[in-house]
Enquirer: 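Pasting in a structure now, in C-alpha cells, and then I'll have a few things to ask.
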Amino acid sequence: MEDRNLRDSDDRLSRRATVAFVSTYPPRECGIAAFTRDLVGALTRGTPPVTALVAAMDEDVVARTYPPHVRWRILQHDLDTYVRTARELSQSGVDAVNLQHEFGLFGGEWGVYVLRLVERLSVPLVTTLHTVLPEPPPVAAAIIRALYEHSAAVVVMTRSAVEILRRDYGLDGRRVRVIPHGVPVVPWQETERVKAELGLSGRQVLSTFGLLNPGKGIEDVLDALVQVVPRHPNLLYLVLGETHPLVRRQQGETYRERLHEQVRRLGLEDHVRFENRYLPDRDLIRYLLATDVYITPYHNPRQIVSGTLSYALGCGRAVVSTPYLYAREVLADGRGLLVPFRAPDEIARAVMRLLEDAALRERLQRAAYGLGREMTWPRVARAYGDLLAEVAAAGAVAS
C-alpha cells in the first residue's frame, strides 16, 4: 500500500501542479489582491510552471467580473459560501491550497468565518499571514492558532513575525517559513532621467503611495514640509493612490479633504500633488524611480508587513520611515532612516539630511536596492513553488 501511495505521489508531481489561492483578487482594489495577482503571475511563469486557480474573497454587496482562472467566489459574510467552496476545492483535484490571510477579509468576529473553510479542506493547506499581531486579543490569537493547526505550512514575511508567533501565540515555529514580500524586477535607473520623462525635472521629489486612510500619517509629512520648503523651494511631495475603498464607503473622502485643507492652510499648494487613482505597477514604478526620498509615516507600530515599503526597496529608494515592525526589520543595517511616530520635526530633519547629503542618499539607495533584489517576484515564486510542491507531496503520500 505504501509503495502505491508513493507511486501516486510521483505521478501527481510529475505533471504541472495545480494550486488554488484563497484571497482577494483584482479587479478588487486591495493590497492583498495585488500581492496574490503578482504571486500567481510569477508562479505560472516559473520553472516548473504552476497552474493557478483562485477562490476570490468578495464583499456581499459588490458584483465584480473576474478573469477565467477565478473559479470560486466567497462572500465575506455568507457562511454557506465558505462551506461550499471548501467542499468544491477538496473535490477539484488541486494539489494544494494557499490561503492569504488578513483579519479584515473574512466575516465574523476577527474573521472567524475563515475557519469554516479550512476545517473542511481535505487537500494540503499553506497559509500566508499578512498580519501577525503582538499581544493579540484572545479571539484573534485563537484564529491564528487554529490556522496553524490546519496548515501544513505557514508563511510569514519577516523574522520578527516568527518570534511573535512563538512568544505571543505559543507556536513552536516548526511549520513556519519566512518568504519576503515580493517586488517587481526593476533595473537600476538614474532618477533624473525618469524625472524628465514625468515632467519633474528640477524638482526634489518626495513620495508616499498606497490606499489612503487615516493611519497613513500623511498629515505629519505636510507639517514637516513647512520646515523643509524654505531651504528646498523646488521640493515636490507626491501622495500617490486613491482612498481605500472600505474607508471611502464608510467615511467618504473626509481624510483626503482634510489633507487638501491642510495643504491650503500651510501654503503648500506648489509643493504637494495628490494622484487620486489606483496606480498600475508601470506608473507606480516610474513615480518611485523619480523619487529622491520615499516616506512611510505610518502610525501603527505593530504593522508587520508593508507592500508599499517593499516596492520602494525594490526600486532602490532612500527611505524615511516611522519605526513600525516591518520598517525596523527591513531598514536595519543602513538601509533607511527611522524617525519617531507623529514627529513632523524629526521627519523634516531626516528629509533635509538626505536631500543635502547626496553621498548618504546614494548609500541608502544602493543598500535598499540590494535587499530589494532578494525580494523579486521570481525569487519569491521559487520559494513558494518549492514549499507548495513539498506539502503537496507530503499530502499525496499521507493519502
Side-chain angles (χ1 to χ4, degrees), residues 17 19-24 31-32 35-36 39-40 42-43 50 52 54-55 57 82 86 89-90 94-106 110-182 302-307 310 325-326 329-330 375 379-395 398:
V19 178
F21 295 83
V22 179
S23 174
T24 52
I32 295 174
F35 175 95
T36 307
L39 176 58
V40 164
L43 282 166
V50 168
V54 176
M57 290 303 309
Y82 291 79
L89 283 169
S90 298
V94 300
D95 299 294
V97 171
N98 178 213
L99 169 70
Q100 300 290 325
H101 181 266
E102 174 63 78
F103 290 107
L105 301 184
F106 306 99
W110 282 94
V112 70
Y113 285 7
V114 71
L115 300 184
R116 290 290 187 96
L117 175 81
V118 302
E119 290 166 355
R120 289 164 172 76
L121 284 177
S122 61
V123 291
L125 174 67
V126 172
T127 297
T128 300
L129 299 178
H130 287 261
T131 293
V132 180
L133 293 173
E135 301 176 356
V139 174
I143 291 169
I144 295 300
R145 292 190 191 106
L147 288 174
Y148 184 86
E149 290 304 317
H150 287 284
S151 299
V154 170
V155 175
V156 296
M157 301 182 199
T158 61
R159 294 183 301 276
S160 57
V162 180
E163 173 57 22
I164 293 169
L165 289 173
R166 183 197 64 77
R167 183 191 68 217
D168 296 348
Y169 295 79
L171 300 177
D172 58 25
R174 287 180 298 174
R175 301 179 196 173
V176 180
R177 302 290 182 88
V178 179
I179 303 177
H181 192 293
R302 305 197 297 176
Q303 185 167 335
I304 198 74
V305 177
S306 169
S310 299
L325 287 171
Y326 188 69
E329 182 162 326
V330 299
M375 301 164 60
R379 283 176 172 259
V380 168
R382 193 174 308 122
Y384 267 94
D386 290 345
L387 176 58
L388 289 163
E390 178 185 324
V391 302

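All values derive from a computational prediction rather than experimental measurement.
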Enquirer: Roughly how far apart are Ile32 CD1 and Leu105 CG, rounded to 0.5 Å?
Expert: 4.5 Å
Enquirer: State, yes or no, whether a side-chain contact exists between Thr127 and His150 at a heavy-atom distance under 4.5 Å.
Expert: no
Enquirer: Report yes if some heavy atom in the side chain of His181 is under 4.5 Å from a heavy atom in the side chain of Thr158; otherwise report no.
Expert: no
Enquirer: Would you check if Arg175 and Glu149 make a side-chain contact, meaning some heavy-atom pair closer than 4.5 Å?
Expert: yes
Enquirer: List the atom of Ala161, the atom of Val156, and the distance in Å for their closest heavy-atom pair.
Expert: CB-CB, 3.7 Å
Enquirer: May I ask you to decide if the ring planes of Phe106 and Tyr82 are parallel, tilted or perpendicular, using 30° and 60° as cut-offs?
Expert: tilted
Enquirer: Are any of the side-chain heavy atoms of Ser23 and Phe35 separated by less than 4.5 Å?
Expert: no
Enquirer: So Leu115 and Leu147, do their side chains get closer than 4.5 Å, heavy atoms only?
Expert: yes
Enquirer: Is the closest side-chain heavy-atom distance between Leu171 and Val176 below 4.5 Å?
Expert: no
Enquirer: Is a side-chain donor or acceptor of Asp95 paired with a backbone partner of Val19 at a separation under 3.5 angstrom?
Expert: no
Enquirer: Pick from Val155, Leu39, Thr24: which one makes a side-chain contact (heavy atoms from CB on, under 4.5 Å) with Gln100?
Expert: Leu39
Enquirer: Between Tyr169 and Leu133, what is the shortest heavy-atom contact and its length?
Expert: OH-O, 2.8 Å
Enquirer: Treating Asp168 as the side-chain partner and Glu135 as the backbone partner, does any N or O pair qualify as donor plus acceptor under 3.5 Å?
Expert: yes
Enquirer: Rounded to the nearest 0.5 Å, what separates atom CD in Glu390 from atom CG in Leu388?
Expert: 10.0 Å
